[in-house]
Visitor: 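Right, I'll just put the structure down here and ask away after.
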Amino acid sequence: TLTVTADNGDMVYGDAVPTLGYTTSGWKNGQSGTLLTGVDVTTDATSLSNVGTSYVTTATGGTLSGAASGNYALTYVQGDFAVTQATLTVTADNGDMVYGDAVPTLGYTTSGWKNGQSGTLLTGVDVTTDATSLSNVGTSYVTTATGGTLSGAASGNYALTYVQGDFAV
């Protein structure tokens, strides 16, 4: 018996499924994997699969050649496959205000969406600045984005990261 084991694998949510390999065990008489070709390894995960570890890799097929031809029965063992969170970056917009005025409403932009998803699936992001109407004139202030709730197909599939913006009085 020659055992063909599908390699374990992983991918980031929304990315293409990577090329998957396999290992073999049970060779006799100094023979090796060079005598086995055409093994196909696939996974049940796709770029649309949600984050999780319940996916598998499966090896199928294969042709034995040379001294191995007809001398082995092929058996297959599945591997594990995981889909990990994609990074969604929330960047606080830059801003400015006139000394003594009220702090303006501040926004943000996002990058890193996958599978045609967009900002409509992210709500509740709060953007603030460390400047106030009493802050002195200068450019040393920042804007900061925090929070946010992902919904629909984005829920659980992204890790939010935040980037500060610049703010001037």
Visitor: Grab the two heavy atoms, one from Ala131 and one from Val169, that are nearest each other, plus how far apart they are.
Guide: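 Residues Ala131 and Val169, closest heavy atoms: CB-CG2, 4.0 Å.
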Visitor: First locate atom CZ of Phe167, then atom CG of Asp96, and finally report the distance between them rounded to the nearest 0.5 Å.
Guide: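 With rounding to 0.5 Å, CZ (Phe167) is 6.5 Å from CG (Asp96).
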Visitor: Looking only at non-hydrogen atoms, find the nearest pair between Gln31 and Ala67 and report the distance.
Guide: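 Heavy atoms only, the tightest pair is NE2-CB, 3.2 Å.
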Visitor: Donor-acceptor check, side chain of Gln85 to backbone of Val12, threshold 3.5 angstrom: yes or no?
Guide: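 Checking the backbone N and O of Val12 against the side chain of Gln85, no donor-acceptor pair under 3.5 Å is found.
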Visitor: Taking ring-ring contact (aromatic ring centres under 6.0 Å, His included) as the cut-off, I'd like each qualifying pair that reaches into residues 85-105, sequence neighbours left out, listed once.
Guide: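 Found none.
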Visitor: Atom CG of Asp44 and atom CD of Gln78: how far apart are they, to the nearest 0.5 Å?
Guide: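 Asp44 CG to Gln78 CD: 8.0 Å, rounded to 0.5 Å.
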Visitor: Going by heavy atoms in the side chains, are Thr37 and Ser65 under 4.5 Å from each other?
Guide: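 Side-chain contact under 4.5 Å: no.
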Visitor: Which side-chain N or O atoms in residues 103-113 pair as donor and acceptor under 3.5 Å with protein atoms at least two apart or in another chain?
Guide:
unit_1	atom_1	unit_2	atom_2	d
Thr110	OG1	Trp113	NE1	2.8

Visitor: In Å and rounded to the nearest 0.5 Å, what is the NZ to CG distance from Lys28 to Asn71?
Guide: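 Answer for the NZ-CG pair, Lys28 versus Asn71, is 12.0 Å.
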Visitor: Which distance, rounded to the nearest 0.5 Å, do you find between the CG of Leu64 and the CG of Leu36?
Guide: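 If we round to the nearest 0.5 Å, Leu64:CG and Leu36:CG are 5.5 Å apart.
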Visitor: Would you say Phe81 ends up clustered with Tyr76 if hydrophobic residues are merged whenever their side chains have heavy atoms under 4.5 Å apart, either directly or through other cluster members?
Guide: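 Yes, Tyr76 and Phe81 fall within the same hydrophobic cluster.
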Visitor: If we check side-chain contact (heavy atoms from CB on, under 4.5 Å) with Val4, which of these qualifies: Leu74, Thr75, Val77?
Guide: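 Of the listed options, the one satisfying the test is Leu74.
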Visitor: Ignoring hydrogens and angles, tell me if any N or O in the side chain of Thr143 forms a donor-acceptor pair with the backbone of Gly165 under 3.5 Å.
Guide: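 Checked: pair present.
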Visitor: Quick check: does any side chain N or O of Thr84 sit under 3.5 Å from a backbone N or O of Met11, one acting as donor and the other as acceptor?
Guide: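 Judged by distance alone, yes, a pair lies under 3.5 Å.
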Visitor: Rounded to the nearest 0.5 Å, what separation is found between the CG atom of Asn94 and the OG1 atom of Thr139?
Guide: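 One finds 11.5 Å between CG of Asn94 and OG1 of Thr139.
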Visitor: What heavy-atom pair brings Gly61 and Val39 nearest, and what distance separates the two atoms?
Guide: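 Heavy atoms of Gly61 and Val39 come nearest at O-CG2, 3.9 Å.
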Visitor: Search all heavy atoms of Ala145 against all heavy atoms of Ala92 and return the closest pair with its distance.
Guide: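 Closest approach of Ala145 to Ala92, heavy atoms only: N-CB, 3.8 Å.
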Visitor: Should Val83 and Tyr55 count as side-chain neighbours, where that means a heavy-atom distance under 4.5 Å?
Guide: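 Yes, their side chains come closer than 4.5 Å.
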Visitor: For the atom pair OG1 (Thr46) and CG (Asp15), what is the distance rounded to the nearest 0.5 Å?
Guide: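 So the gap between those two atoms works out to 12.0 Å.
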Visitor: Strictly distance-based, threshold 3.5 Å: is any side-chain N or O of Ser133 a donor or acceptor partner for the main-chain N or O of Gly100?
Guide: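 Flag not set: sc Ser133 to bb Gly100 has no pair under 3.5 Å.
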Visitor: Leu134, Val137: one ILVMFWY side-chain cluster at the under-4.5 Å cut-off?
Guide: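 They do not share one cluster, since no chain of ILVMFWY contacts under 4.5 Å joins Leu134 to Val137.
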